[in-house]
Amino acid sequence: MARLLVKFQRYFQRKPIRFFMLIALYLTAGSLVFLHASFTGEPRVSENEPTANDGTSRRTELQYLGTPQLSREFKELPEPLTTARRYGSWFKIPSKDIPGRSNPGDYGGTWSRALKGRNVREKEEDKAKYIGCYVDNIHRRALRGVSFFDYKKMTLFRCQDNCAERGYLYAGLEFGAECYCGHKIQAVNVSDSDCNMECKGEKSNICGGVNRLSIYRLELAQESARRYGSAIFRGCFRRPENVSVALLASRVMKNMSVDRCVDFCTGKEYPLAALAGSWCHCGFPTTLFNLHEREDEQLCAQKCSGEEFESCGNSKYFIIYQTQVQDNRCMDRRFLTARAKQLIALASFPGAGNTWARHLIELATGFYTGSYYFDGSLYNKGFKGERDHWRSGRTICIKTHESGQKEIEAFDSAILLIRNPYKALMAEFNRKYGGHIGFASHAHWKGKEWPEFVKNYAPWWATHTIDWLKYGKNVLVVHFEDLKRDLFVQLKRMVSLLGIAVLEDRLLCVEGQKDGNFKRSGLRKLEYDPYTPEMRKMIGGYIKTVDRALKLRNLTGVPEDYYPR
């Protein structure tokens, strides 16, 4: 035996190529045996499927993976493969289709799980059908529902999911990072090549282009949610003097209901639906019908002819709902065309609502606000002035939390936003540990972080206001609580200081979409009071100090709700 092995060794030393060929043949044979074993396993067949005994030839689904067309589709499917997406009521998968759940038609093995993952992803893609590339215009949007931006993490699914949750029929993506929702497309279809910008959050997909929208139809949107799910009750209001001028579209409805009127106005692309007995009126909030003087709801208590449990108003008093249609009269924003002559600060203690105030100012003026800092998350969410240097002169006002004399005196004027310290401290603590619209964890509230935070930040709340009153030039004081309660009046004061002509219809437009993308949900609240008696005693002293400082300058003192009851 040893001699035989020696002869083989000498033989292959003289002719090495034959040795490598023998190895290759051996490996090939082993691979064929392995593949044969993988594909010849008997698949389980469900009761409803034809079997070989029925005279039908049935190939397993695995065999189709080898065809060129389906293999290409398999590779082009967007990620993720291994994780299931979040589904709302608008889009559900029957339990039998949930990945990982076995049923009589399942196939075992790794290839089977990959195939099922592909099928689930295809079902997910069915929820949104690509319609095409459309022209968009900042003055007349193609999709006129709500919109939001994310210049860092925008994806197709995120846009589609947000529009679907709000009940819209269409979702459109633009400039790689902007998402628009709507009930109908009001624009011209163009070549798909015009939509050529990759999504900021996923380079494998296209999210429109410059003034171009990649639009998807949300196929599985529930009709009820799409039409009425997000309509907001605004109240009972007296009939405007000239209805045909104040409310531009009208229709008589025999079986009047809130649903029917809201649906009609939504289809007409109006943000307001006014129910007046058997009449449905649609329009915008204007100086002719500003929705500022709300009446007792009993004056509108007339049952709808089509729904006995709803009120439909009457000829003198209208029931008003805000539809899902976004009022685009105040959505255009741009940088100043000429360098600003003055630097105006939007000053506040952190957590006092500065970001929300910036949102309101941008909508009310049509110009971007700037910042003393650079916050990438704010820039990514649509505050494009965040990237400009604060002295560039291209923005209408500058966000700042600074309170030193040198920093304050660098500004020519200022809007000083003051908020209840108890609310401001909690808001800033949430931002510090949970992000702009997130929340600090229970461990942070109960740990050493919260007491240390209050100890350091509460004195700053007081000194911030006092320093701006002392060193600031031409300071307009606005209380956050007054801005929330009477937005129209307070925002009008702020815009006047900025040197912009006040357009009341534009301010009324802002009232209808005042929240923006940086409103922290009010549903999630602490189940206990985080302030100890010692903290309250300290903060109460600072409130009195600020109150005295305001009154010494003949200004209104702090609101009464600053003092704990």
Side-chain angles (χ1 to χ4, degrees), residues 344-358 372-373 397-433 440 445 448-486 489-490 493-494 497 520 526 528-565:
I344 303 176
L346 177 62
S348 73
F349 174 77
N354 199 303
T355 302
W356 179 56
R358 289 178 68 184
Y372 194 79
Y373 320 97
C397 63
I398 312 298
K399 162 192 172 177
T400 179
H401 298 311
E402 302 302 310
S403 57
Q405 179 179 353
K406 181 180 178 182
E407 289 78 7
I408 294 172
E409 291 177 345
F411 293 95
D412 303 298
S413 299
I415 297 170
L416 177 59
L417 190 63
I418 305 174
R419 186 181 186 184
N420 184 327
Y422 293 100
K423 300 289 182 64
L425 288 168
M426 292 178 69
E428 176 59 11
F429 189 73
N430 276 320
R431 187 208 64 80
K432 185 178 178 68
Y433 291 99
W445 289 104
K448 63 180 181 180
E449 292 91 347
W450 172 242
E452 190 70 22
F453 178 86
V454 173
K455 178 182 176 181
N456 293 327
Y457 276 67
W460 181 20
W461 177 85
T463 58
H464 183 278
T465 299
I466 292 170
D467 284 352
W468 275 96
L469 293 173
K470 182 177 180 180
Y471 302 116
K473 294 169 279 186
N474 190 25
V475 177
L476 172 68
V477 174
V478 176
H479 291 282
F480 176 87
E481 293 74 19
D482 292 340
L483 185 59
K484 284 186 66 177
R485 182 170 49 252
D486 196 354
V489 171
Q490 298 299 327
R493 293 175 64 216
M494 295 161 70
L497 180 78
R520 187 174 280 110
L526 286 179
Y528 57 91
D529 182 359
Y531 292 100
T532 64
E534 293 76 16
M535 291 178 182
R536 289 191 172 276
K537 183 178 179 180
M538 174 182 64
I539 295 171
Y542 293 135
I543 291 173
K544 292 177 181 177
T545 301
V546 170
D547 187 63
R548 286 194 298 268
L550 290 169
K551 290 177 178 177
L552 282 173
R553 288 159 180 80
N554 296 319
L555 298 171
T556 304
V558 300
E560 291 184 5
D561 60 2
Y562 280 28
Y563 295 97
R565 295 177 182 177

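Only a predicted model underlies this, so the values are computations on that prediction, with no experimental measurement involved. Computed over heavy atoms, backbone and side chain alike; hydrogens, waters and symmetry mates excluded.
Shown here are the side-chain hydrogen bond (donor to acceptor under 3.5 Å, both in side chains) partners of Thr532, two or more places apart in sequence or in another chain: Glu534. Residues that satisfy the side-chain hydrogen bond (donor to acceptor under 3.5 Å, both in side chains) test with Asp482, not counting sequence neighbours, are Arg485. Judged as a ring-ring contact (aromatic ring centres under 6.0 Å, His included), and not counting sequence neighbours, the contacts of His401 are Tyr373. With sequence neighbours excluded, the residues satisfying side-chain contact (heavy atoms from CB on, under 4.5 Å) with Asp529 are Tyr531, Arg536. Evaluation of the side-chain contact (heavy atoms from CB on, under 4.5 Å) rule for Lys470 yields Arg553 as partners, not counting sequence neighbours. Remark: Val546 pairs with Trp461, Ala462, Thr465, Leu550, Val558 by the side-chain contact (heavy atoms from CB on, under 4.5 Å) rule, at least two apart or across chains. Residues meeting the salt bridge (charged side-chain N to carboxylate O under 4.0 Å, His left out) test with Arg358, sequence neighbours left out: Glu386. Residues passing the side-chain hydrogen bond (donor to acceptor under 3.5 Å, both in side chains) test with Ser348, sequence neighbours excluded: Asn354. Take Lys455 and apply the side-chain contact (heavy atoms from CB on, under 4.5 Å) test, not counting sequence neighbours, and it matches no residue. Listed by chain and residue number, Lys551 satisfy the salt bridge (charged side-chain N to carboxylate O under 4.0 Å, His left out) test with Asp547 (two or more places apart in sequence, or in another chain). For the ring-ring contact (aromatic ring centres under 6.0 Å, His included) test, residues two or more places apart in sequence or in another chain that qualify with Phe429 are Tyr433, Trp445, Trp450, Phe453.
Looking at heavy atoms from C-beta onward, Tyr422 lies out of side-chain contact with Asp561 at the 4.5 angstrom threshold. The shortest side-chain heavy-atom distance between Ile539 and Leu425 falls under the 4.5 Å cut-off. In this structure the side chain of Arg419 never reaches within 4.5 angstrom of the side chain of His479, judged on heavy atoms. Counting only heavy atoms from C-beta outward, the side chains of Leu417 and Trp356 never approach each other to under 4.5 Å. Looking only at side-chain heavy atoms (C-beta outward), Pro350 and Arg431 stay at 4.5 Å or farther from each other. The closest side-chain heavy-atom distance from Pro559 to Asn420 is not below 4.5 Å. Annotation: side chain of Trp468 is not in contact with side chain of Phe349 (no heavy-atom distance under 4.5 Å).
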- Check the pair His464 / Leu416 against side-chain contact (heavy atoms from CB on, under 4.5 Å), numbers first and verdict last. CA-CA 10 Å; His464 183 278; Leu416 177 59; 3.9 Å; yes

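Distance check, rounded to the nearest 0.5 Å: CD1 of Ile418 to CG of Leu469 gives 6.5 Å. The distance from the CG atom of Asp467 to the CD1 atom of Ile408 is 5.0 Å, given to the nearest 0.5 Å. Rounding to the nearest 0.5 Å gives a distance of 7.0 Å between NZ of Lys423 and CD of Glu481. To the nearest 0.5 angstrom, Trp460 atom CH2 is 8.5 Å from Thr463 atom OG1.
Nearest heavy atom pair, residue Leu346 against residue Cys397, reads CB-SG, 4.2 Å. Listed here is the closest heavy atom pair of Pro451 and Met535: CA-CE, 3.7 Å. Taking both residues in full, the closest heavy atoms of Gly351 and Ala427 are given as O-CB, 3.6 Å, listed atom of the first, atom of the second, then distance.
Between Ser413 and the choices Val475, Leu476, Asn474, the side chain to side chain contact (heavy atoms under 4.5 Å, CB included) rule is met once, by Asn474.
Within the structure, no pair that satisfies the salt bridge (Lys or Arg N to Asp or Glu O under 4.0 Å) test touches residues 400-415, not counting sequence neighbours.
Listed for the Gln490 side chain is no donor-acceptor partner under 3.5 Å among the backbone atoms of Val478.
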